[in-house]
Amino acid sequence: MTRISTTVDGTRYEDEVEPRLLLVHYLRDHLGLTGTPVGCDTSNCGAGTVELDGDSVKSCSVLAVQADGGEATTVQGLASGGEWTPLQTAFHAQHALQCGYCTPGMFMAARDLLKENPDPTPEEIRHGLEGNLCRCTGYQNIVRAVLAAAAEGRRRRAPTPRPTEAARPDGQRPAAPVAVRQEART
C-alpha cells in the first residue's frame with residue numbers, strides 16, 4: 001500500500017492505496033465521487049476525463065499515486081454553491097445532453113479547451129473534443145453548447161459600460177454631461 005495525499009474538488013484527502021489503483025477507481029470507490037464514469041476501460045472514450053493539476057486527463061489511464069500531492073477537479077466540483085457554470089448551462093440550453101454518459105468527460109474536456117482557447121471556432125472545438133466519444137452522436141449540439149459557453153465567457157469578460165455611456169431605454173445614447181458653474185456670491 002502507498003500513502004497518498006491529494007485535493008479533489010477542493011477537499012484534501014489522505015489514503016492508503018494499491019500502487020496500481022487507477023484514479024477513476026480511487027475517485028469512485030474510495031471517495032464516492034461517482035460522477036466520473038468508468039467508460040470503455042481503454043481510455044478511448046474520454047468519459048472519465050478529469051482535471052489534474054490544471055490539465056485534462058483521462059482518469060482511467062492515470063494511477064491514483066500519480067495524483068499524490070496534486071489537485072483534481074471532477075465534474076462534481078464544477079458547480080459552486082449549486083450554481084451551474086456557463087458551460088453546464090450551455091449544455092442544458094443547447095440540448096447537448098442526451099443519454100448523459102459522455103457528459104462528464106465532455107464538460108471537462110470542453111472546460112480545458114475554453115481555458116486554452118476562450119474563443120474557439122467550431123472546427124477547433126471538434127478537434128479539442130476528438131478524444132471524447134458520444135454514443136448518441138450529439139456532437140452538433142455539443143459544439144453549439146461550447147460555442148454558447150464561449151460567447152457567455154466573452155460577455156462576462158467585456159468591460160461594463162460606465163453609467164454615462166449606457167444607452168437609455170429608448171436606445172439613444174445620453175447627451176454628454178454639462179458642467180454647470182456656479183458663480184461665487186459676494
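Any value given below was found using the heavy atoms of this structure, including those in side chains, with hydrogens, waters and symmetry copies removed. Just so you know, these numbers come straight off a predicted model, no measurement behind them.
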Going by side-chain contact (heavy atoms from CB on, under 4.5 Å), name the residues that satisfy it together with [X], two or more places apart in sequence or in a different chain.
X	value
Gln98	Cys136
Val65	Thr2, Ile4, Val17, Leu63
Glu116	none

- Message: Once rounded to the nearest 0.5 Å, what's the spacing between atom CG of Leu33 and atom OG of Ser59?
- Response: 11.0 Å
Looking only at heavy atoms, what is the nearest atom pair of [X] and [Y], with distance?
X	Y	answer
Ser5	Glu14	OG-CG, 3.5 Å
Ala96	Ala145	CB-CB, 3.9 Å
Pro37	Val24	O-CG2, 3.8 Å
Ser61	Ser43	CB-CB, 4.0 Å

Enumerate donor-acceptor pairs with a distance under 3.5 Å from any side-chain N or O in residues 100-110 to protein atoms, sequence neighbours excluded.
residue	atom	partner	partner atom	Å
Tyr101	OH	Val38	O	2.4
Thr103	OG1	Gly100	O	3.4

- Identify whether Val50 and Leu113 are in the same connected component of the hydrophobic contact network (ILVMFWY, side-chain heavy atoms under 4.5 Å). no
- Message: Run the salt bridge (Lys or Arg N to Asp or Glu O under 4.0 Å) test on Asp15 and Arg3 for me, step by step, so that the C-alpha distance in whole Å, both residues' side-chain angles and the decisive distance to 0.1 Å come before the verdict.
- Response: CA-CA 6 Å; Asp15 288 297; Arg3 184 152 192 81; over 6 Å; no
[X]: side-chain hydrogen bond (donor to acceptor under 3.5 Å, both in side chains) partners, not counting sequence neighbours:
X	answer
Glu83	none
Arg28	none
Thr11	none
Glu152	Arg155, Arg156

- Intermediate values then yes/no, side-chain contact (heavy atoms from CB on, under 4.5 Å), Ser56 and Glu51: CA-CA 4 Å; Ser56 181; Glu51 190 175 276; 6.0 Å; no
Evaluate the side-chain proximity of [Y] to [X]: yes if any heavy-atom separation is below 4.5 Å, no if none is.
X	Y	result
Asp68	Thr6	no
Tyr13	Leu31	yes
Leu23	Gln66	no
Leu147	Pro122	yes

- Message: If you apply the rule side-chain contact (heavy atoms from CB on, under 4.5 Å), what do you find for Val143 with Arg126, and how did you get there?
- Response: CA-CA 7 Å; Val143 171; Arg126 286 184 186 91; 3.9 Å; yes
- Message: Does Arg157 have more than 12 heavy atoms from other residues, nucleotides or ligands lying within 6.0 Å of its CZ?
- Response: yes
- Item | Heavy atoms from other residues, nucleotides or ligands near CZ of Arg135 exceed 12 (cutoff 6.0 Å) | no
Under 3.5 Å, which donor-acceptor pairs link side chains of residues 70-78 to any protein atom two or more places apart or in another chain?
residue	atom	partner	partner atom	Å
Thr74	OG1	Asp9	OD1	3.3
Thr74	OG1	Asp9	OD2	2.6
Thr74	OG1	Gln76	N	3.2
Gln76	OE1	Thr34	N	3.3
Gln76	OE1	Gly35	N	2.7

- Donor-acceptor pair, Lys58 side chain versus Thr42 backbone, under 3.5 Å? no
- Task: Kindly determine whether Asp119 and Leu114 satisfy side-chain contact (heavy atoms from CB on, under 4.5 Å), including the steps that lead there.
- Result: CA-CA 7 Å; Asp119 195 19; Leu114 291 173; over 6 Å; no
- Message: Run the ring pair (Phe, Tyr, Trp, His ring centres under 6.0 Å) test against His95 and tell me which residues pass, sequence neighbours left out.
- Response: none
- Can you sort out the partners of His30 under ring pair (Phe, Tyr, Trp, His ring centres under 6.0 Å), two or more places apart, ordered by chain and number? Tyr26
Sequence neighbours left out, cut at 3.5 Å: what donor-acceptor pairs do the side chains of residues 87-94 make with other protein atoms?
residue	atom	partner	partner atom	Å
Gln88	OE1	Thr85	N	2.9
Gln88	OE1	Thr85	OG1	3.3
Thr89	OG1	Thr85	O	3.1

